[in-house]
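Heads up: the structure comes next, in C-alpha cells.
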Amino acid sequence: MTRATWLLTLTGAAALGACVTINVYFPAAAAEKAADRIIDEVWGQDAGRKPPPKKQGALPASPARIAAGAIPGSPARIAVGAAPGNPAPDAAGAVRSMPAGAAPAILVHLAAGALDLLVPAAAAQANLDISTPAINALQSSMSARHQQLATYYDNGAVGLTDEGLVALRDPKAVPLNERPRVTQLVAEENRDRNALYRAIAEANGHPEWEPDIRATFARRWIERARSGWWYESGGGWSQR
C-alpha cells in the first residue's frame with residue numbers, strides 16, 4: 001500500500017470525525033464536586049465529612065493510544081517498523097514486506113485513533129464553572145444566613161427537602177415571637193438556592209442542566225448534613 005493511499009484513508013477518517021454530532025451529557029461527577037465545594041463554603045464546620053475518593057484503576061488502552069504507538073507491539077508500532085524483526089519504512093515512507101491482511105487492521109486502528117482525537121468523550125469535560133460573580137454573591141448570602149438557620153436545623157424546626165430546598169418542618173419548635181423571622185429566613189434561603197442552581201446551569205452554557213444540578217445538590221445537602229438534622233425522604237421526614 002502506497003503512502004498516498006494511507007493519507008487518503010486518514011483524511012477520510014478526519015472528514016468523518018468532523019461530521020459527527022457530539023452529544024454533551026450532564027457531567028454528574030463534576031456537578032457533585034461543585035456541590036461539595038459550595039456546601040463546604042456555605043456550611044463551614046457544619047458540613048459532614050466527604051466519603052473517601054474511589055480508587056481509580058489503570059486506564060484501558062484507547063484507540064488513540066494504540067494509534068500513537070503507546071502500547072508495545074500494537075499495530076501502529078508494527079506498521080512503522082518499531083516491533084522487533086519488522087522492517088523499517090523506506091525513504092518513500094512505504095512499509096516493505098507487510099504481512100498479508102495486516103493493512104486493513106492497521107487502517108482500522110489508525111482511523112479509530114483519528115476519531116478518538118477529533119471527537120473527545122463528553123465525560124472528559126472540565127469541571128463546572130462555579131466562580132462567577134452571581135454564584136459567588138449567592139454563596140456569600142447563604143453562608144451568612146446559615147449562622148441563623150443552624151439553630152433551627154439543630155432543634156428540628158427546619159429540615160432539608162428532597163428538592164434541594166429547606167422547609168419549616170416543626171413550627172412548634174420555634175418560639176411564637178421568632179416564627180415570622182424563621183419563615184423569612186426559609187423563604188430567603190429557598191430564593192437563593194433556586195437562583196444558585198439556575199446560575200450554575202447558565203454559567204456553563206446549559207440552562208437545561210438546571211434540574212440535574214438541583215437533584216445533585218438536593219442529594220449532597222442531605223448526605224453532608226450533620227447528625228441530628230432532619231431531611232425529607234419518601235414523602236416523610238427522617239433524622240440523620
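The CE atom of M142 lies 9.5 Å from the CG atom of L149; values are rounded to the nearest 0.5 Å. For the atom pair I130 CD1 and L138 CG, the distance stands at 12.5 Å (nearest 0.5 Å). Once rounded to the nearest 0.5 Å, the distance linking CD of E178 with OG1 of T151 reads 8.5 Å. Within the model, atoms CZ of R193 and OG of S141 stand 11.5 Å from one another, a figure rounded to the nearest 0.5 Å.
Residues R169 and G159 approach most closely at CB-N, 4.2 Å, considering heavy atoms. Heavy-atom minimum distance, E223 versus R240: O-NH2, 3.0 Å. Closest non-hydrogen pair, A218 versus D162, comes out as CB-O, 3.6 Å. Scanning both residues, V174 and A157, for their nearest heavy atoms gives CG2-CB, 3.5 Å. Across every non-hydrogen atom of S143 and E41, the tightest pair is OG-O, 3.4 Å. Closest non-hydrogen pair, E210 versus A201, comes out as N-CB, 3.7 Å.
Taking a 6.0 Å sphere around CD of E208, one finds it holds more than 12 heavy atoms contributed by other residues, nucleotides or ligands.
A salt bridge is absent between R191 and E188: the closest approach of a Lys/Arg side-chain nitrogen to an acidic carboxylate oxygen does not fall below 4.0 angstrom.
Taking the six-membered ring for Trp and thresholds of 30 and 60 degrees, Y153 and W43 have ring planes more than 60 degrees apart, a perpendicular arrangement. Ring-plane geometry between F217 and Y197 is classed as tilted, the angle between the planes lying from 30 to 60 degrees on a 0 to 90 degree scale.
A donor-acceptor pair under 3.5 Å links the side-chain atoms of Q239 to the main chain of G228, judged by distance alone. Listed for the S140 side chain is a donor-acceptor partner under 3.5 Å among the backbone atoms of N136.
The hydrophobic clustering, which links ILVMFWY residues whose side-chain heavy atoms are closer than 4.5 Å, places L165 and V186 apart. I39 and W230 fall into different hydrophobic clusters, where Ile, Leu, Val, Met, Phe, Trp and Tyr side chains are chained together by heavy-atom contacts under 4.5 Å. Connection of W237 to V158 is not established within any shared hydrophobic cluster, with ILVMFWY side chains joined at heavy-atom distances below 4.5 Å, either directly or through further cluster members.
D40 is listed as a side-chain neighbour of R224, based on a closest heavy-atom distance under 4.5 Å. The closest side-chain heavy-atom distance from F26 to I213 is below 4.5 Å.
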Exercise for review: Mind running side-chain contact (heavy atoms from CB on, under 4.5 Å) on L160 and V166 for me, showing each step along the way?
Suggested key: CA-CA 5 Å; L160 306 167; V166 298; 4.0 Å; yes
Review point. Step by step, would you call R220 with E32 a side-chain contact (heavy atoms from CB on, under 4.5 Å)?
Key: CA-CA 7 Å; R220 295 306 289 159; E32 183 170 307; 3.8 Å; yes
**Study point:** Steps toward side-chain contact (heavy atoms from CB on, under 4.5 Å) verdict (V42, R145)
**Key:** CA-CA 9 Å; V42 172; R145 187 181 304 111; over 6 Å; no
Practice item. Apply side-chain contact (heavy atoms from CB on, under 4.5 Å) to R214 and N194, showing your working. Key: CA-CA 8 Å; R214 176 186 296 275; N194 284 326; 2.7 Å; yes
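Among D129, I135, T132, the one residue that satisfies the side chain to side chain contact (heavy atoms under 4.5 Å, CB included) test with I200 is I135.
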